[in-house]
Amino acid sequence: MAEKKHTHDPLNVDEALSNSEAFLLKYKNLLIGIVAAIIVIAGGIMAYKNFISEPNELKASETIFKGEEYFRNAEYETALNGDSLGYVGFLKITDEFSGTKAGNLANAYTGLCYAQLGKYEDATKYLDKFNADDYMVAPAILGALGNCYAQMGQLDKAAATLLKAADKADSDALSPIFLLQAGEILEKLGKNSEAINAYKQIKNKYATSYQALNIDKYIERASIK
């Protein structure tokens, strides 16, 4: 049987996270949650373009398209700061179109760009500004925010944010990922009972998820420490 292909790849994280052998924050692109967020954001922008009638909203949503293309092509600096062809950049969009829905999305993109560039403090500033109530984009951005806190060594804040993201998503697609990350962080902090609770949520509530397949070994590990 062919080995199941994972949707994430390991990377070297900073020393605050380097001692945990199975630490799930070692991801190449800040985790699948970001990918999920971008997919949904892209669809959201199209919806705004089709249904928003206010001139300022329409202009903002049209302006953001080019930035999304740069982001998709991993041209994060250009996506942030603009080009010489008329695209002003996500940073300027967040300022010029503050208060619009497209401006709100630009906050998310700006934060994700900074995260991909390793500028986690700047990333948290903009990711935290993003505001939405949907069940996919909002928790995915929260998950990215939690990962940024972890990269900065703010592990308590990271765990709390990831748990919040898991609760907000309440889905097999995202919640188990964030719960597993939160559990690993909580173990690193010596909060084993809280880690076990996070792992048991995966076992009991998201039993059909990929993360649930081996969750017993995490529960056992946290139980014997």
Side-chain angles (χ1 to χ4, degrees), residues 6-9 11 13 16-17 20 22-44 71 104-116 120-189 191 193-212 215 218 222:
H6 291 194
T7 55
H8 48 265
D9 301 307
L11 72 76
V13 260
L17 305 176
S20 181
F23 212 78
L24 288 186
L25 290 169
K26 301 173 184 176
Y27 289 91
K28 187 174 183 180
N29 290 313
L30 279 184
L31 185 76
I32 193 174
I34 288 182
V35 177
I38 295 306
I39 291 171
V40 181
I41 287 173
F71 185 95
N104 185 39
L105 285 172
N107 282 323
Y109 272 120
T110 298
L112 295 176
C113 284
Y114 275 131
Q116 296 289 11
Y120 300 112
E121 189 171 348
D122 290 326
T124 59
K125 175 183 173 183
Y126 285 92
L127 291 174
D128 197 41
K129 285 182 179 180
F130 178 75
N131 182 34
D133 294 322
D134 67 283
Y135 66 94
M136 282 296 288
V137 179
I141 293 300
L142 266 180
L145 180 61
N147 275 267
C148 288
Y149 286 138
Q151 294 281 3
M152 294 163 64
Q154 298 178 22
L155 300 189
D156 280 300
K157 203 168 185 178
T161 304
L162 287 163
L163 289 173
K164 183 178 178 181
D167 182 63
K168 193 174 185 69
D170 194 21
S171 72
D172 283 351
L174 294 179
S175 298
I177 296 172
F178 299 143
L179 286 167
L180 194 53
Q181 286 189 298
E184 296 246 62
I185 293 173
L186 290 164
E187 279 192 77
K188 190 170 181 66
L189 290 168
K191 298 181 178 181
S193 62
E194 293 179 42
I196 291 169
N197 182 56
Y199 297 147
K200 284 186 174 179
Q201 284 190 61
I202 297 172
K203 181 180 177 69
N204 298 327
K205 195 172 182 180
Y206 305 106
T208 60
S209 66
Y210 173 80
Q211 289 72 25
I215 199 61
Y218 292 93

Sequence neighbours left out, what pairs pass salt bridge (Lys or Arg N to Asp or Glu O under 4.0 Å) with at least one residue falling in residues 142-155? none
To the nearest 0.5 Å, atom CD of E194 lies from atom OH of Y199 at 12.0 Å
Backbone N/O of K200 and side chain of N204: donor-acceptor pair under 3.5 Å: yes
Taking distance alone, no hydrogens or angles, what donor-acceptor pairs closer than 3.5 Å link side-chain atoms of residues 158-177 to residues at least two apart or in another chain?
from, atom 1, to, atom 2, distance (Å)
T161, OG1, K157, O, 2.8
D170, OD1, K205, NZ, 3.3
D170, OD1, Y206, OH, 2.9
S171, OG, L174, N, 3.3
D172, OD2, T208, OG1, 2.8
S175, OG, A166, O, 2.7
S175, OG, D170, N, 3.0
S175, OG, S171, N, 2.9
S175, OG, S171, O, 3.3
S175, OG, Y206, OH, 3.4

Starting at CD of E187, measure out to CD of E184 and round the result to the nearest 0.5 Å. 6.0 Å
Look up atom OH in Y109 and atom CD in Q116, then write down how far apart they are to the nearest 0.5 Å. 12.5 Å
Any Y218 side-chain heavy atom under 4.5 Å of I196 side chain: no
What salt bridge (Lys or Arg N to Asp or Glu O under 4.0 Å) pairs are there with at least one residue in residues 142-154, not counting sequence neighbours? none
CZ of F130 to CG of L142: how many Å apart, nearest 0.5 Å? 9.5 Å
Looking only at non-hydrogen atoms, find the nearest pair between S209 and I202 and report the distance. OG-CG2, 4.1 Å
Measuring only between side-chain heavy atoms, which start at C-beta, is Y114 closer than 4.5 Å to L127? no
Sorted by chain and residue number, the side chain to side chain contact (heavy atoms under 4.5 Å, CB included) partners of N197 (sequence neighbours excluded) come out as Q201
When every non-hydrogen atom of F71 is compared with those of C113, the smallest separation belongs to CD1-SG, 3.4 Å
What closest approach, in Å, do A123 and C148 show between heavy atoms, and which atom pair accounts for it? CB-SG, 3.9 Å
Beyond-backbone contact of L112 with I141, side-chain heavy atoms, under 4.5 angstrom: yes
CG/L105 to CG/N131 distance, rounded to the nearest 0.5 angstrom? 11.0 Å
Taking only residues two or more places apart in sequence or in another chain, which ones pass side chain to side chain contact (heavy atoms under 4.5 Å, CB included) with K129? N107, K125, Y126
Return each pair, listed once, that meets salt bridge (Lys or Arg N to Asp or Glu O under 4.0 Å) where at least one residue sits in residues 136-145; pairs must be two or more places apart or across chains. none
Show your working on side chain to side chain contact (heavy atoms under 4.5 Å, CB included) between K188 and L155 and close with a plain yes or no. CA-CA 9 Å; K188 190 170 181 66; L155 300 189; 3.9 Å; yes
